[in-house]
Number of protein chains: 2
Amino acid sequence: MQLSVPKLKSCDDCPIRYNAVCSKCEPAEMRELEEIKYYRSFSAGQPVFFAGDPLEFVGSIVSGVSSLTRTMPDGRVQMVGLLLPGDFMGRPHRETIDCDVVAETDIMLCCFRRKPFERLINDTPHVGQRLLEMTLDELDAAREWMLVLGRKTAREKIASLLYMIATRMAKLSEKTGDEATFTLPITRETMANYLGLTIETVSRQMSALKRDGLIAFSDRRDITVPQIDALKAETGEDA
Amino acid sequence: MQLSVPKLKSCDDCPIRYNAVCSKCEPAEMRELEEIKYYRSFSAGQPVFFAGDPLEFVGSIVSGVSSLTRTMPDGRVQMVGLLLPGDFMGRPHRETIDCDVVAETDIMLCCFRRKPFERLINDTPHVGQRLLEMTLDELDAAREWMLVLGRKTAREKIASLLYMIATRMAKLSEKTGDEATFTLPITRETMANYLGLTIETVSRQMSALKRDGLIAFSDRRDITVPQIDALKAETGEDA
DNA sequence: CGTACGCTTGAGGAAATTCAATTTGCGTGG
DNA sequence: CCACGCAAATTGAATTTCCTCAAGCGTACG
């Protein structure tokens, strides 16, 4: 169920003003965007799109975390994207969406109806340019993730996911130093779906990392990483 | 070692004129592109870029097959992209490349020095638009591949790869009907690196698919698929 | 207080890997 | 033209890793 539409905000105050698809826009372009934008909220667990749905709108994640997943006919699920604040949802010039999109936490979206947005890409060069940049970054991330899925052990997979979340979250909160603390925005099941593992294997490896002192948690969601570099070493990507 | 530069061709005769990054260009835009393009050939097995190299040029695959791979410090390798004719190599606004790029077969590239090409993206809208489209398609393909890597069995992985090559190759040669024949552009090792498997597992599953009558081959490279739908059913993606 | 859900833990089993030994195909040189 | 040698591919046996199935724990919530 969709929450009530929050009161409209000015783009000037937007937390993702300098991250999102609009980050390179000039004032005139901002005015065009501002005219067609609208906000929508979804609470944790809600679907935003089902695979195969007509793609009515595209937009940016203002706050919260959302996931993209693909499901096989027999029910096997693979997460193929994790959208954090600033990330773009949907793709221009595509009539339908081919992934399930779910709000993993409460999220707020800055939406544009797809058709007007497509026109805007052609009219306002900085939107298209920024979208290309962001898409290329996402492609890099997807390729990085292919290495994780194809070649890493269960332990390395878990370490890689925790390391990525720790660094991406830390970046947003301007944290520095060896130690990192964050709240996992996803369940064990979601982690398993991201990593191509079962829930049980995720749980076992989390326990193993905890036993080895690489992470600490009592609550299941609040994770402390005493030494971020030690965790990085477990990802298999350091020399 | 780089082969001799082939004689310059007109874009009008180019086999990828209506596939590649230039496909939406108007005559005036084509003239701009034509001015800065140059051709390069690499023979099978040659590196085109090493990960970390400065990205001097970008361009399109005119003919042949090239691969993108990522390598872990301990030597594990994962292929993260397979570039077929028409596909774009390199990315604008990136100083270095983060994957190894190798010519899997003899290839010909239509190259542009990166800097002038970046200017061109800004000046000629249809290049940037087409590049966005192509990048979005590649992202879709990468996500599709994440499902293969994360959730499919060895047999399903092999079937998925063969099915993809069969359909992409068949599309280029305008083949129809149940049966498909093609030459594998890659070795067993390359297949293994694409699928996140070992060479031995690839070999065993190829033998199993052959034993079950889903594919036929005597030569190791020339594959016949008697019924393409039967192969598709083995990919796990049909209902 | 009891049920539900998410998570953890254990035991046994299946799938893919590792290690090792052949076999096949192909280019080179006798 | 055939023999040789190398690289790629196949096949087998043993092992490892992760999954499946099953039971139990802890917190949240009716």
Side-chain angles (χ1 to χ4, degrees), chain A residues 43-45 67 72 74-79 102 104-105 148-162 183-212 215-223 234 236, chain B residues 43-46 67 72 74-78 102 104-105 148-162 183-212 215-223 234 236:
Chain A
S43 52
S67 67
M72 290 172 67
D74 65 1
R76 280 174 282 178
V77 174
Q78 175 65 48
M79 189 177 305
V102 172
E104 293 292 326
T105 65
V148 173
L149 290 173
R151 290 302 186 193
K152 291 195 179 181
T153 65
R155 183 185 177 96
E156 290 169 336
K157 285 179 174 181
I158 298 286
S160 299
L161 177 60
L162 294 177
T183 300
L184 267 184
I186 54 178
T187 65
R188 295 287 186 271
E189 184 177 13
T190 307
M191 292 175 70
N193 288 340
Y194 204 158
L195 296 167
L197 297 173
T198 59
I199 298 178
E200 295 93 328
T201 299
V202 170
S203 187
R204 276 186 255 274
Q205 296 298 333
M206 289 291 285
S207 299
L209 289 175
K210 183 180 181 181
R211 177 167 17 82
D212 298 344
I215 59 176
F217 57 94
S218 47
D219 179 304
R220 287 176 176 84
R221 289 298 194 89
D222 294 312
I223 309 285
E234 294 296 325
Chain B
S43 51
Q46 282 190 305
S67 67
M72 290 172 67
D74 64 2
R76 280 174 281 178
V77 174
Q78 176 64 50
V102 172
E104 293 293 326
T105 65
V148 173
L149 290 173
R151 290 301 186 195
K152 290 195 179 182
T153 65
R155 184 185 176 95
E156 289 169 338
K157 286 179 173 181
I158 298 285
S160 298
L161 177 59
L162 294 178
T183 300
L184 266 183
I186 54 178
T187 65
R188 295 287 187 270
E189 183 177 14
T190 306
M191 292 176 71
N193 288 341
Y194 205 159
L195 297 168
L197 297 173
T198 59
I199 298 178
E200 294 93 327
T201 300
V202 170
S203 187
R204 275 186 254 275
Q205 296 298 334
M206 289 290 287
S207 299
L209 289 176
K210 184 180 180 180
R211 176 166 16 83
D212 298 345
I215 60 175
F217 58 93
S218 48
D219 180 305
R220 285 177 174 84
R221 291 299 194 89
D222 294 312
I223 309 285
E234 295 296 324

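The sequence lines fix the lettering, A, B, ..., with proteins before strands; numbering per chain opens at 1.
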Would you indicate whether the side-chain heavy atoms of B:Gln78 and A:Val148 approach each other to under 4.5 Å? no
Which of these, B:Thr190, B:Ile186, B:Leu184, sits in a side chain to side chain contact (heavy atoms under 4.5 Å, CB included) with B:Arg188? B:Leu184
Whole angstrom is fine here: how far is it from CG in B:Asn193 over to P in D:dA8? 13 Å
A:Pro185 and A:Glu104, any side-chain heavy atoms less than 4.5 Å apart: no
I'd like a table of donor-acceptor pairs (distance under 3.5 Å, sequence neighbours excluded) in which one partner is a side-chain atom from residues 198-205 of chain B, with atom names and distances.
residue, atom, partner, partner atom, Å
B:Thr198, OG1, B:Thr201, N, 3.3
B:Thr198, OG1, B:Thr201, OG1, 3.0

In this structure, how many angstroms lie between the C1' atom of D:dT10 and the CZ atom of B:Phe217, rounded? 10 Å
Whole angstrom value for the distance that separates C1' of C:dC7 from CE of A:Met206: 11 Å
Residue pair A:Leu149 / A:Tyr194: nearest heavy atoms and the distance that separates them: CD2-O, 3.5 Å
If I take atom CE from residue B:Met191 and atom CG from residue B:Leu161, how far apart are they, to the nearest 0.5 angstrom? 5.0 Å
Rounding to an integer number of Å, can you tell me how far A:Arg221 CZ sits from C:dT8 P? 11 Å
What is the distance from CG of A:Asp219 to P of C:dG6, rounded to the nearest Å? 15 Å
Can you tell me how far apart NZ (B:Lys152) and CZ (A:Arg76) are? Round to the nearest 0.5 Å. 8.0 Å
What integer distance in Å separates B:Ile186:CD1 from D:dA7:C1'? 18 Å
Do the side chains of B:Asp212 and B:Arg155 get nearer than 4.5 Å, heavy atoms only? yes
Using atom CD1 of A:Ile223 as one end and atom C1' of C:dC7 as the other, report the distance to the nearest whole Å. 13 Å
A:Lys210 atom NZ is separated from C:dT9 atom P, nearest whole Å, by 8 Å
Once base and sugar-phosphate atoms are separated, protein heavy atoms under 4.0 Å mark nucleotides 11-30 of chain D, 5' to 3', with B, S and - as BBB----SSBB---------
Shortest non-hydrogen separation from A:Ala192 to B:Arg151 and the atoms involved: O-NH2, 3.0 Å
For the helix from C:dC1-D:dG30 to C:dG30-D:dC1, what is the angle between the axes at its two ends, each from 5 pairs, rounded to 10°? 30°
